[in-house]
Amino acid sequence: MGAVINVVGARPNFMKIAPLVRALSGVGVDQLLVHTGQHYDEAMSRIFFEDLQMPTPDVYLGVGSGSHAEQTARVMIDFEKVCLEHKPAMVIVVGDVNSTIACALVAAKLGIRVAHVEAGLRSFDRRMPEEINRVLTDRISDFLFTPSEDADLNLLKEGFAPEHIFRVGNIMIDSLYSHVGRARATKIAERLGLPSDGRKYGVVTLHRPSNVDDPEVLRGIVSALNTVSQKIPLVFPVHPRTRGSLARFPLTPYEGVGRGIAVIEPLGYLEFLGLVSGSAIVLTDSGGLQEETTALGIPCLTLRENTERPITVEEGTNQVVGTNPEDIVAAANSVLAGNNKFGRIPALWDGKTALRIADIVAAAVLR
Ligand code: UD1
C-alpha cells in the first residue's frame, strides 16, 4: 500500500498541513510531504517549517511564480512524475491556491483518491481565482473535509453525496491553539516599538489582486488606513505581491508616537500570530485571518465585498466592510469606540480537527 502524499505550496497551506502530518504519524499512516515551491521566499515558506516544527519536505518541486496557467501547469507536470514514482494511496490537498487544484487534478486523473481539507467554502465570486480552485478541487475530491455547516450545505446544494462529506472542523485552528503561547512569547509588538501594554495597535494585511493590483481600489484603502492610523497605530507586514503597487501611494509613517503605519517585511507564523493576538483590530483581505481573529476574539474588518467564510461573520468577530474608504473608517471608528462584536468560537474549531481527519484517512488507506 502506497503512502499518503500531503501537498503544500503557498503560505496559507503550511499551518493546515502541519497538524495533519503529526496526526497521521500518530495513527501509523506512511506519508510523503511535497512542497510545490509556489511560494519560495524565506519569509513566505522556510520560516513556517521552523515555526510550525514541520519536517523538511521529501520532495521540493520549485515551480516558483508565473501566470496562473504557467504556475498550475508546472505543478501538474512535476507532480505527475512524483505520483508515478511513489504511487500514493491518497493525495491530500488543502485550501484554495493554484497548487491545490493542480495536484488534485493530477491525482484524480491517475485514479488516486483525493482528499480536500477546507472543502465547501464558497464566495460565489468567480472573479477570485481561489473560488475557481475551490469549486474544481471539490468536484474531483473523494473526501471532502469541511470546517463548518455552511460548507456542507454548499456541497449538498451542488449535488455531492453526503457520504463524501466529513465535517471535521477548522484545521488551521489546531495550529493556532498549539502555538499561540510560543507566539506571544516572541514579544514582537514590543520589539517593533509598538505600544505593547494591552491592545493599542491594529494589524493590516492586503494581498488580493482585486485590492492591490487595481490602483484606484488601493488608493482608497490607503487613504482609509492613513485616517485610521491617526487614532491608533497600525502595523502592516507587506506581502510581496503588494510591495510594488504600494510604492505609488504614501502611507503615513509610524514614528513611535502612537500614530501612523509601521510598514514591515512579511513575518513568520509565530511572530505574526503573536502580533495579531495582542492587537485591538485587524484590517485584512485574507481568508485565514478572518478565521484566526474569530478564534482569538479580536475584531476583524474584511476589506472585500464578500467572504467564503460566512461563519466568521455570523458567529465570530468578522465584519465584511468592502473597500469604500468612508465605510472602512466608519467601521474602524465604531470598533475603536468599543462597539465590538463579541463572537463565539464555532463548533469543532477545537484544536482536534487533524485527529478527526487522520482517523478517517487511516480507515481508508490502512484497510
Ligand atoms: C497566493 C494564492 C492566494 C493566497 C496567497 C497567500 C493562488 C491563486 N493565490 O497568492 O490564494 O491567499 O498566495 O499568500 O494560488 N512572490 C514572491 N515570493 C514568494 C511568492 C510570491 O516574491 O515567495 C511574488 C511574485 O512576484 C509573484 C507574486 O508574489 O508573482 C504572487 O505570488 P502568487 O503565488 O502567484 O500569488 P499570491 O498573490 O501570493
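Counting starts at 1 for both ligands and their atoms, following the listed order.
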### Task
Measure the shortest side-chain to side-chain distance between Leu61 and Val34 over non-hydrogen atoms and say whether it is less than 4.5 angstrom.
yes
### Task
Mind listing the closest non-hydrogen atom pair of Pro266 and Arg11 along with its distance?
CB-NH1, 3.9 Å
### Partners passing salt bridge (Lys or Arg N to Asp or Glu O under 4.0 Å) against Glu271 (at least two apart in sequence or in another chain)
Arg191
### Message
Applying salt bridge (Lys or Arg N to Asp or Glu O under 4.0 Å), can you list everything that pairs with Arg248, at least two apart in sequence or on another chain?
### Response
none
#### Entry: Neighbouring residues of ligand 1, heavy-atom cut-off under 4.0 Å
Pro12, Gln38, His39, Tyr40, Asp41, Met44, Ser65, His68, Gln71, Asp96, Val97, Asn98, Glu130, His207, Arg208, His239, Pro240, Arg241
## Note on the structure
Sorted by chain and residue number, the side chain to side chain contact (heavy atoms under 4.5 Å, CB included) partners of Asp327 (sequence neighbours excluded) come out as Asn324
### Query
Quick one: which of Gln71, Glu130, Arg74 gives a side chain to side chain donor-acceptor pair (under 3.5 Å) with Asn98?
Gln71
